[in-house]
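Shown next, in structure tokens, is the structure this report addresses.
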Amino acid sequence: MRLSQMLFVTLRDDPADAEIPSHKLLLRAGYIRRIGSGVYAYLPLMWRVLQKVSQIVREEMNATGAQECLLPQLQPADLWKESGRWDTYTKAEGIMFSLIDRREQQLGLGPTHEEVITAIARDMIRSYRQLPLHLYQIQTKFRDEIRPRFGLMRGREFIMKDGYSFHADEASLKETYQDMYQAYSNMLRRSGLAFRAVEADSGAIGGSGSTEFMVLAEAGEDEVLYTEDGKYAANVEKAVSLPADIEPSRFTSYEKRDTPGTDTIETVSQFLKCSPTQVVKNVLYQTVYNNGITVLVLVSIRGDQEVNEVKLQNELTKLASDYKATTIISLSVPNSQAQQTWTAKSLPLGYIAPDIADDYIAANQQIHPKFLRLVDPTAVDLKNFVTGANETGSHVVGANWNEQFKLPEQVVDVRKARPGDRAMHNPEQVLQSTRGIEAGHIFQLGTKYSQSMGATYTNEQGEEKPLIMGCFGIGVSRLAQAAVEQSYDKDGIIWPVSIAPYHAIVTIPNINDAQQVEIAEKLYTQLESAGIETLLDDRDERAGVKFKDADLIGIPYRIVTGRAIANGKVEVVERATRKSQEIPIDELTTTLHKWITTGIEVKN
Ligand code: ATP
Ligand code: MG
């Protein structure tokens with residue numbers, strides 16, 4: 001491609017609204033253009049990168065036997081009502097764009113395709129003989145994200161590969177899951193990315209687990225905890241660890257103490273000269289179930305620990321049927337304004353005990369009249385502990401479960417694992433923290449959708465069973481930007497060869513020099529016919545401008561038809577290392593071909 005004929009506009013300065021390097025660089029180098037919040041145009045250079053990533057994804061998927069298809073983006077609301085997700089997706093979470101057509105029918109724009117694929121499976125899969133089956137597509141997804149940001153990283157319109165598998169038994173699902181684990185690792189490795197596969201939260205759906213593929217980068221929105229021995233890595237949302245040891249209590253008898261001005265764990269433990277590991281902290285949450293009922297939740301946990309709200313949310317979802325609901329739509333720590341909506345009298349905040357009376361909750365049809373009391377195992381183990389006295393400025397010391405306080409029935413692990421904690425698999429290993437960009441997520445779904453939507457098959461014994469499902473997503477556009485986030489320098493992007501929009505750029509320093517032009521044109525034709533994707537910078541610009549642009553757009557090899565041509569050579573500069581060497585003109589094509597193919601193979 002000739003630069004002179006391309007829509008090629010680069011910006012000298014960083015665009016004001018871009019925060020992270022990859023977003024700035026893709027805008028500056030003319031790869032993408034913002035059209036609206038979280039909505040971007042993929043310009044020709046970007047489209048080539050996206051097609052390369054898609055092709056790698058496609059090859060790896062096909063190699064596992066999965067089949068490509070294309071499902072509709074416009075999805076009837078009825079399907080989502082069958083699965084029970086319409087209200088959560090359009091109202092509660094509000095992630096799905098919805099619309100009404102001229103026949104007054106409700107539709108949604110696909111944020112994901114479980115409903116559509118399950119409807120197809122319900123109609124078309126009859127027998128175990130058709131299983132296992134795995135269909136995937138590469139397509140634009142729509143999600144009305146609360147905070148679209150960082151360019152393609154979190155868009156409202158983005159490209160995803162999503163695949164859905166159907167199985168007769170768990171063993172078959174596990175096999176496909178393992179194949180996908182390998183395929184996803186291959187996709188990321190081939191795209192030139194440093195990544196880590198981590199245990200992930202599967203939400204309240206349960207299933208037998210899920211793995212996220214994290215591209216390691218400072219700008220990542222996720223925190224990953226891992227151990228040096230390589231045996232453990234998990235998203236902090238899911239991570240487990242051993243809590244620090246309990247320090248023995250200095251209190252031997254139960255009594256109430258005046259503890260003025262100690263409404264935090266830190267101040268109370270200083271005041272009472274005790275370790276935070278001796279305190280039972282009682283944290284108040286407010287959750288709304290999908291039938292509109294608000295439940296006040298009191299979580300008792302050891303003072304030095306924090307609540308992991310993802311784990312808490314999963315536990316509350318499991319308890320939904322106790323409140324005649326099926327899921328929760330929000331979870332928050334009630335601020336003073338929120339408290340006013342349900343308190344009958346003012347709460348002794350900072351001094352709450354595990355047995356705070358239910359009559360703090362004002363009678364109201366929309367509010368459950370009793371606190372839901374949960375206790376984390378770290379608090380269960382405590383003896384002679386300190387906790388609030390349900391009275392501002394007072395605590396109790398030397399308390400014990402089932403003496404002064406009834407141990408809540410619901411003992412649930414809602415503790416947040418933190419860097420520095422000891423690992424479960426080996427207490428000598430300490431959890432480390434790093435940041436990652438979630439590029440892919442593979443998931444053992446089980447029968448959630450097949451059951452709600454009635455997608456069954458007949459097994460060998462002639463019995464009708466719900467299909468067992470897996471789902472596997474990878475963000476094609478997010479992955480492409482993540483590659484930039486991992487690979488750039490002060491001058492611009494450094495594309496991995498395998499996903500670079502072009503392999504080489506032939507730069508003519510002076511287009512008024514007929515010999516330079518002639519050699520460049522010849523090389524351009526030769527390289528292209530050898531399958532080396534090449535740009536020809538034939539613009540009437542100063543050499544310095546051309547070099548800067550080539551660096552900015554990050555093409556792996558720059559060939560300059562400058563001074564060296566007097567000796568029958570051209571200068572070749574490797575973008576990543578800036579190594580420059582002169583290569584005889586007639587050897588250029590074979591040399592570059594070798595470099596590019598080995599560059600790609602190394603990643604394979
Ligand atoms: P996140 O936690 O980042 O919102 P998710 O859990 O919602 O991601 P999935 O529903 O599992 O993501 O989607 C599969 C993949 O699609 C993700 O791993 C990610 O690479 C990509 N993806 C998800 N949301 C976006 C988005 N708003 N913009 C770009 N890519 C996205
Ligand atoms: Mg999301």
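In each ligand, atom 1 is the first atom listed, and ligand 1 is the first ligand listed.
A cation-pi arrangement is present between R85 and Y89 under the rule of less than 6.0 angstrom and at most 45 degrees off the ring axis.
T112 and E114 make their closest contact through OG1-OE1, 2.7 Å (heavy atoms, listed as atom of the first residue, atom of the second, distance).
Between F166 and H134, the distance from one ring center to the other does not fall under 6.0 angstrom. When ring centroids are compared, F443 and H441 come within the 6.0 Å threshold. Taking the six-membered ring wherever Trp is involved, the centroid distance between the rings of Y181 and F213 falls below 6.0 Å.
Protein residues having a heavy atom under 4.0 Å from any atom of ligand 1 are R143, E145, L152, M153, R154, G155, F158, M160, E438, A439, G440, H441, G475, R478, listed by chain and number.
For residues 30-40, every residue pair satisfying the side-chain hydrogen bond (donor to acceptor under 3.5 Å, both in side chains) rule, not counting sequence neighbours, is listed here: H23-Y40, Y31-W495.
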